[in-house]
Novice: 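Take a look at this one; I'll ask things after.
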Amino acid sequence: MFNSSLNQLSTLLATKQVSSIELTRDFLRNIKNLNKEYNAFITVNEEMSLDQARIADAMIASGEGSPLTGIPIAHKDIFCTKGWLTTCGSKMLSNFISPYDAHVIELFNKAGTVNIGKTNMDEFAMGSSNETSFYGPVKNPWDILSVPGGSSGGSACAVAARMAPAATGTDTGGSIRQPASLCGVSGIKPTYGLVSRYGMIAFASSLDQGGPIAKSAADLALMLNVMVGFDARDSTSLQYENEDYTRELKRPIEGLRIGLPKEYFAEGLSDDVSRAVDGAVAEYSKLGAKIIEVSLPNTKLSIPVYYVLAPAEASSNLSRFDGVRYGHRSEEYNNLDDMYLKSRSQGFGAEVKRRILIGTYVLSHGYYDAYYIKAQKLRRLIAQDFTEVFKQCDVIMGPTSPSVAFSLGEKNNDPLQMYLSDAYTAAASLAGLPGMSIPVGFGKKNRPVGLHIIGNYFAEAKILNIAHQFQQVTDWHTKMPDIKKL
Ligand code: GLN
């Protein structure tokens, strides 16, 4: 059951071989047994989950179910969830019970899924290792001495350790794809604007995008069918026709043109990751794909550009946490300024403060043109690189992360090294393109390796098809860590 696909669970539920209550209890039991060790969940509320399971069972009994009705889903703690503690991994929101649902949560509720718990994450989604969370780091289930990746590390860990069949995440510069890669599961960040940001706590609004993490591409397609949808409350939500993301899964990929950017296989890439990615590319050749070398000349700029723009937007977005309307407020203060100062000093962790400082600096009078405007111009160049390359090939492939999961604490004191974790993922975020990661093997110390697949705008169905075809002939996505307590 814990290895079943979403489709299989859906069939079991529809044919009444299992009820949503039973399924929910089973996953809650796994969480109970494993969460102490992995720390993947910040909040679990058995009663509220079981209430939703009861509703789901009634929906199924009355024939109102849809494909995911009754299936437990874990939600990243960045999504406002009515009646649930919603912390965004921060002390600042450690007392915040959301009075409303994010659009994504509304859609999952409408589909009749069960919220199985809120997953741990880097504070305000800033990080690549989950170590910036106020609630402590998540452990990688493949090796508890290593990080699960970030910032959606709790979601990736929950799926890898079978504490949830699938989960939601968000990705600003790599936070769905990188943890999926490090935990040996699949994840997709859709085209910017397809998933509403309403109720998704803002980090860098021009980059933030919600998406799913699951065991396979076929499962991701079913999750996207629920998550994608226009929402007038998000000004950048796209009025794009609702699609069925499963529709192209079965198409053969013969003749597909795969572009391998030479910049993605250069200095900085570990040998073990390179080997596994090469193996996956060879598999694609066997499936009839044509491999072409391409170039994204501005690749090197993506990390510097990202680390000007994302902190700039974060410094603005996080100004709302002032200890007045909601969130942490210092117990002692002398006047209003002092209250802001103390509340924010106590409520935010070191990485968040670093970003606020960088962001405030690059937006300040006199530096705005030199940093922020310059970065916006370079962002355009990075996006244009992709436009050029998509004239030569249908998709782009490469490694998701330069290395396999690194050890806990290894990069904590070196923010620049940490930032390089997104060297291959940030560019697609800056361009607003869809990207996904699927497991394609193991590297050093038996830690998973992910393949990064970038598609053109709105090519979600196509990249899911490409990933699914690979998963039909390989079994990397079925491998699971050695978890004794299941
Ligand atoms: N690791 C990147 C950062 O720290 C990306 C995070 C994300 O995508 N939310 O900003």
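Remember, it's 1-based here, ligands and their atoms both numbered in the order they're listed.
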Novice: Can you name the residues that form a salt bridge (Lys or Arg N to Asp or Glu O under 4.0 Å) with Glu293, not counting sequence neighbours?
Specialist: none
Novice: Of the options Thr236, Asp171, Asp208, which is the one that meets Tyr192 in a side-chain hydrogen bond (donor to acceptor under 3.5 Å, both in side chains)?
Specialist: Thr236
Novice: Evaluate the criterion side chain to side chain contact (heavy atoms under 4.5 Å, CB included) for residue pair Cys80 and Phe96; output intermediate values, then yes/no.
Specialist: CA-CA 10 Å; Cys80 286; Phe96 178 63; 4.2 Å; yes
Novice: Anything with a heavy atom under 4.0 Å from ligand 1 counts, so go ahead and list those protein residues by chain and number.
Specialist: Ala125, Met126, Gly127, Ser128, Ser151, Asp171, Thr172, Gly173, Gly174, Ser175, Phe203, Tyr306, Tyr307, Arg355, Asp422
Novice: For the residue pair Phe390 and Phe386, categorise the inter-ring angle as parallel (less than 30°), tilted (30 to 60°) or perpendicular (more than 60°).
Specialist: parallel
Novice: Taking salt bridge (Lys or Arg N to Asp or Glu O under 4.0 Å) as the test, write out the residues that go with Arg447, two or more places apart.
Specialist: Asp143
Novice: Can you list the residues that meet the side chain to side chain donor-acceptor pair (under 3.5 Å) rule with Arg354, with sequence neighbours excluded?
Specialist: Glu351
